[in-house]
There are 2 protein chains.
Amino acid sequence: MTETTITDLPAPATPGSKSEQAYQAVKARIVEGAYTPGYRLVLAAIAKDLGFSVVPVREAIRRLEAEGLVTFERNVGATVSGIDPTEYLYTMQTLSIVEGAATALSAPLIDSVAIARARAVNREMRQCLDHFDPVRFTQLNQDFHSILFEHCPNPHILDLVHRGWNRLASLRSSTFRFVPGRARASVDEHEALLKLIETGADADDIEKAARIHRSATLDAYLAQAKTI
Amino acid sequence: MTETTITDLPAPATPGSKSEQAYQAVKARIVEGAYTPGYRLVLAAIAKDLGFSVVPVREAIRRLEAEGLVTFERNVGATVSGIDPTEYLYTMQTLSIVEGAATALSAPLIDSVAIARARAVNREMRQCLDHFDPVRFTQLNQDFHSILFEHCPNPHILDLVHRGWNRLASLRSSTFRFVPGRARASVDEHEALLKLIETGADADDIEKAARIHRSATLDAYLAQAKTI
DNA sequence: TCATAGTAAGTCGTATACGATTTCGTACCT
DNA sequence: AGGTACGAAATCGTATACGACTTACTATGA
């Protein structure tokens, strides 16, 4: 349906360069879970694997470090960033803020066609609930919000959203799991959000709704973590 | 008084490394205005100047690119990022959002001592108005907000604030100038903000006040730009 | 057995070198 | 004179090489 994925982001640097290729390759492996958190990223090994020398690989790793996907320690090396619950909290909280702002800023620019597409994605999400397909659910969730952000007037804020998504993706296949019941509520909130946008609600209300939509997932996680 | 400056930030990577030194050096020159927007950053020249080889310099430039301070083009080179009014708008708008959030999150954790320190800084800012010292005014303004953010519970958000400040710093000594009257209003808003924090006002109210405090500067700039 | 020093392996950090690409100037042709 | 093609200079992109640092292992002595 929608081909919006987490990878078609800024594409900032010099396309075609080996540095860029290495960046994309390593990032893909992290996001897809081939390199799990804690995995040791040895420059020489990656370079050999990709057929490059270590220099462009090194540059790629540093970029990933800047995005928070890997941790780098001098004279020691890089590892895929961990699943630290504190980091999760930070990232989710930050996302709630920037997604809220992005949604509010975009809302006035969303046309009815986009609304319809978002509704279709949301319907598909509801189906995922029945088949229990968390991976696809997460993908569709990003598609949904990507549609809302399509005409976001501030690319900086959009970039921050994408960075947050990338961080979360790196720990998708980790110990964190769906909180039962939360996913269904999320789908309902999507519908409510679309209604707000359609009716041209106040920007503050839209922002608040979008922010709570994200932070509720965080709250659900925290509540669950407390019971364990 | 306060020694909080724009340069004592994350200090993320490997301290002591030449790559890090080059990063700090080039960044300082941009922020201080030695390298003005549009300035051509030639790797070999910088390397020779610092006494390093090009490799660590290259890494430094790429980091600065990730922060938006320089623009990099494949096989061409890097230049100090420009003064594009659109970029200014994006940055200010983003700052209004993340500063607002940072202020609201920090407010409950600010003690009376910090409040007093912030007041002292704000008094000094008022004096700067009389002596007309815009550079010091800007510095004190950052000191003021840094005090409020001292115990910000979310380092990610704080990092976003710092990034925004850095971007603005790179165009401080450019065509952008103080908007007459705005600076004085800003000092008054600081006092109002402190009152809100002292009285334990609602987080939403604090966030809104802090956000408007920043976006009002943007509005003043836009209004002025329109008249020219 | 445990602690410790010494050593070897692994890995990173940076310098140097060279091929690739762009840019700019100049000469030639129309 | 204007435009195009060619060539040289400048600069970047990457490979290779080597020194520096960290880590883990091993052997030795208490």
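Lettering follows sequence order; numbering is per chain, from 1.
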Just the rounded figure in Å: distance from [atom2] of [N] to [atom1] of [X].
{"X": "R62(A)", "N": "dC12(C)", "atom1": "CZ", "atom2": "P", "answer": "11 Å"}
{"X": "K18(B)", "N": "dT16(C)", "atom1": "NZ", "atom2": "C1'", "answer": "13 Å"}
{"X": "R40(A)", "N": "dC12(C)", "atom1": "CZ", "atom2": "C1'", "answer": "9 Å"}
{"X": "E59(A)", "N": "dG13(D)", "atom1": "CD", "atom2": "P", "answer": "8 Å"}
{"X": "E20(A)", "N": "dG13(D)", "atom1": "CD", "atom2": "P", "answer": "12 Å"}
{"X": "R58(A)", "N": "dT11(C)", "atom1": "CZ", "atom2": "P", "answer": "15 Å"}

Under the side chain to side chain contact (heavy atoms under 4.5 Å, CB included) test, which residues partner [X], sequence neighbours left out?
{"X": "L109(B)", "value": "H151(B), P153(B)"}
{"X": "A25(A)", "value": "L50(A)"}
{"X": "A104(A)", "value": "E207(A)"}

Pair E124(B) + R136(B): basic N to acidic O under 4.0 Å: yes
Quick note, side-chain hydrogen bond (donor to acceptor under 3.5 Å, both in side chains) partners involving residues 37-57 of chain A, not counting sequence neighbours, are R29(A)-D49(A)
Residues 90-110 of chain A vs salt bridge (charged side-chain N to carboxylate O under 4.0 Å, His left out), sequence neighbours excluded, gives E99(A)-R214(A)
Ignoring hydrogens and angles, write down the donor-acceptor pairs under 3.5 Å from the side chains of residues 54-61 of chain B, residues two or more places apart or on other chains.
| residue | atom | partner | partner atom | Å |
| --- | --- | --- | --- | --- |
| R58(B) | NE | E59(A) | OE1 | 2.7 |
| E59(B) | OE1 | R58(A) | NE | 2.7 |
| E59(B) | OE2 | R62(A) | NH1 | 2.8 |
| E59(B) | OE2 | S19(B) | OG | 3.0 |

Polar-atom pairs under 3.5 Å, protein N or O versus N or O of nucleotides 18-25 of chain C: list them with distances, or write none.
| residue | atom | partner | partner atom | Å |
| --- | --- | --- | --- | --- |
| dT21(C) | O3' | N75(B) | ND2 | 3.4 |

The nucleotide from dC12(D), dT14(C), dT14(D) with an atom nearest the side chain of P56(A) is dT14(D)
Of the listed dA15(D), dG13(D), dT14(C), the closest approach to the V55(A) side chain comes from dA15(D)
Worksheet entry | Parallel, tilted or perpendicular, as decided by the 30° and 60° cut-offs, for the rings of H190(A) and F144(A) | parallel
ask   = Base, sugar-phosphate, or nothing for L41(B), non-hydrogen atoms under 4.0 angstrom?
value = sugar-phosphate
By ring pair (Phe, Tyr, Trp, His ring centres under 6.0 Å), Y90(B) pairs with (sequence neighbours left out) H156(A)
Sorted by number, residues from residues 46-54 of chain A placing a heavy atom under 4.0 Å from DNA chain D are F52(A), S53(A)
